[in-house]
Amino acid sequence: MPNLAPYAACPEFSLGRKINEPPPASYRTEYQRDRDRIIHSNAFRRLEYKTQVFVNSEGDLFRTRLTHTLEVSQISRTIARALRLNEDLTEAISLGHDLGHAPFGHAGQDILNHCMKSYGGFEHNLQSLRIVDELEEKYPLFRGLNLTYETREGILKYCSPKQAKSLGQLGTRFLHEGQLTPPSLEAQLADLCDEIAYVTHDIDDGLRAKLITIRQLRDYRLFDEHFSYVLKHWSTVSQRRMIYETIRRLIGEQVTNVIETSRAQLDAVQPKNIEEIRMLEEPLITFSAMLYEKHLELKQFLQTQLYQHYRVRRMGFRAHQMIRRLFEAFFSDPTLLPLEAQVEVQRLQGQLGGDAGRARAVADYIAGMTDRYAILEYEKLFELTTTVV
Ligand code: MG
C-alpha cells in the first residue's frame with residue numbers, strides 16, 4: 001500500500017479470516033471488504049433506530065447509533081490519513097464498533113445483562129463481535145461475516161478475562177486484568193474517536209434537549225475556551241450557530257491534539273510494525289495529558305448531569321420494564337418467539353445446553369431489536385387492546 005506507515009496495519013500481512021476465502025478483486029483490499037460487509041449487514045441498518053442517548057421518538061435531530069457511528073468513522077478516517085495509518089481498517093472498525101448495542105442504549109444493555117446474569121451476562125462489545133462472527137446470516141459458506149482478525153480485534157474493545165478464555169488468540173490481550181496490551185493503532189484510533197464523537201455530540205444533543213445549559217458547560221475549560229472565542233468573534237449570530245461553531249472547534253482541537261501527540265509518540269518509539277505495537281505496554285494513539293484532563297472533566301460532567309438527568313433516567317426506566325418483561329416472557333415460553341428465533345433457540349440449546357442456550361437466543365433476539373421494534377413487541381404481548389399480528 002503506498003504511503004502507509006510501517007506500523008500501520010497492512011492487508012497483505014493480515015492474520016486472516018477464520019475461514020479462508022479467495023482474495024478480493026484487485027480494486028478492493030481485505031479491509032475494504034470488511035467495511036463493505038459491515039455496511040451491508042442487517043445489524044448496521046438497525047443502528048438507525050437504536051438509541052444513542054435520546055430515543056428515536058424524542059426528535060429527528062438527535063443522534064442515533066447510526067449517525068454516531070458515521071461521526072466516529074469520519075473523525076477516525078481523518079486522523080488515520082494524517083498519521084498514515086490504514087484508513088480502510090479504521091473505517092471498518094468504526095462502522096462495526098456499536099453493532100452489538102441493545103435497544104435503548106446503556107439502559108437496555110444493563111437490564112439485559114441483569115436478565116442474563118446466570119447465563120454468562122450480556123455486554124455490548126462482546127455482542128458486536130458475536131454479530132459479525134456468528135449472528136449475521138448472509139453467506140452460504142459460513143455463519144457471520146467472516147471478517148479479518150484486525151477488524152475483529154478492533155471491534156472487541158473490552159472483554160472480561162473469563163469471557164476472553166473462549167476467544168482464542170483474539171482474547172489473549174484481555175486474559176490478565178490490569179495488564180492490557182494495546183491492539184493495532186487503527187483500533188486504538190477508532191476507540192478514541194468514539195469518545196471524541198460522543199462527548200461532543202452529546203453536548204450538542206443535551207443542549208438541544210435543554211437538559212444541560214451553556215452556563216453549566218462554561219465551568220469546563222474545554223468548552224469555555226472555545227465558547228469564549230466564539231462569543232468574542234461572533235456575538236451577534238444566533239445561539240444555535242454559536243453552539244455549532246463551538247462544537248466544531250471542540251472537535252477540531254481534539255483531532256489536532258490526537259494527531260500531534262500520537263505523531264510525537266510514534267516518532268519517539270519508532271515501532272517497526274504492527275506486532276511491535278501489540279507488544280507495547282501503553283497505547284500510542286492518545287490525547288496529550290493536558291487535553292485528556294480537560295476532556296475527562298467534560299465527560300464526567302455529562303455523566304452526572306446528562307446521562308443521570310431525570311428525563312434520561314425515565315427513558316431508561318421504561319426500557320428496563322419493557323426489556324425485562326420481554327425477556328421473561330420469551331424465556332419462559334419460547335413458542336412466543338417468531339419462528340426464526342425459535343430455530344436459534346434449538347441451535348443454541350444444542351451448543352450451550354438447555355437454559356443457557358435458550359437464554360442466549362432470547363438475549364440475541366432482544367439485543368437485535370431496534371427501539372421501535374422492542375416497543376411494538378412489548379405492545380403486542382402486554383397491551384391487551386393492541387391488535388396482535
Ligand atoms: Mg460508540
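All values below were derived from every heavy atom in this structure, side-chain atoms included, with hydrogens, water molecules and symmetry-related copies excluded. Remember, it's 1-based here, ligands and their atoms both numbered in the order they're listed. As the structure is a computational prediction, the values presented were derived from the model and not from experiment.
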Here the gap from E21 atom CD to E30 atom CD, rounded to the nearest 0.5 Å, amounts to 8.0 Å
By ring-ring contact (aromatic ring centres under 6.0 Å, His included), which residues pair with H68, not counting sequence neighbours?
H97, H201
Is the backbone of F301 close enough, under 3.5 Å, to the side chain of T304 for a donor and an acceptor to pair up by distance?
yes
R278 side chain vs P183 backbone, donor-acceptor pair below 3.5 Å
no
Please list every donor-acceptor pair under 3.5 Å in which a side-chain atom of residues 315-340 meets a protein atom from a residue at least two apart or in another chain.
| residue | atom | partner | partner atom | Å |
| --- | --- | --- | --- | --- |
| Q321 | OE1 | R324 | NH2 | 3.3 |
| R325 | NH1 | Y378 | OH | 3.0 |
| S332 | OG | E328 | O | 2.7 |
| S332 | OG | A329 | O | 3.3 |
| D333 | OD1 | T335 | N | 3.1 |
| D333 | OD1 | T335 | OG1 | 2.4 |
| D333 | OD2 | T335 | OG1 | 3.4 |

Protein N, O or S atoms less than 2.8 Å from the Mg ion (ligand 1), ignoring waters?
H68 NE2, H97 NE2, D98 OD2, D194 OD1
Under 3.5 Å, sequence neighbours excluded: what are the donor-acceptor pairs made by side chains of residues 122-129?
| residue | atom | partner | partner atom | Å |
| --- | --- | --- | --- | --- |
| E123 | OE1 | N125 | N | 3.0 |
| E123 | OE1 | L126 | N | 3.1 |
| E123 | OE2 | N125 | ND2 | 3.0 |
| H124 | ND1 | H101 | NE2 | 3.3 |
| Q127 | NE2 | D364 | OD1 | 3.0 |
| S128 | OG | G100 | N | 2.8 |
| S128 | OG | H124 | O | 3.0 |

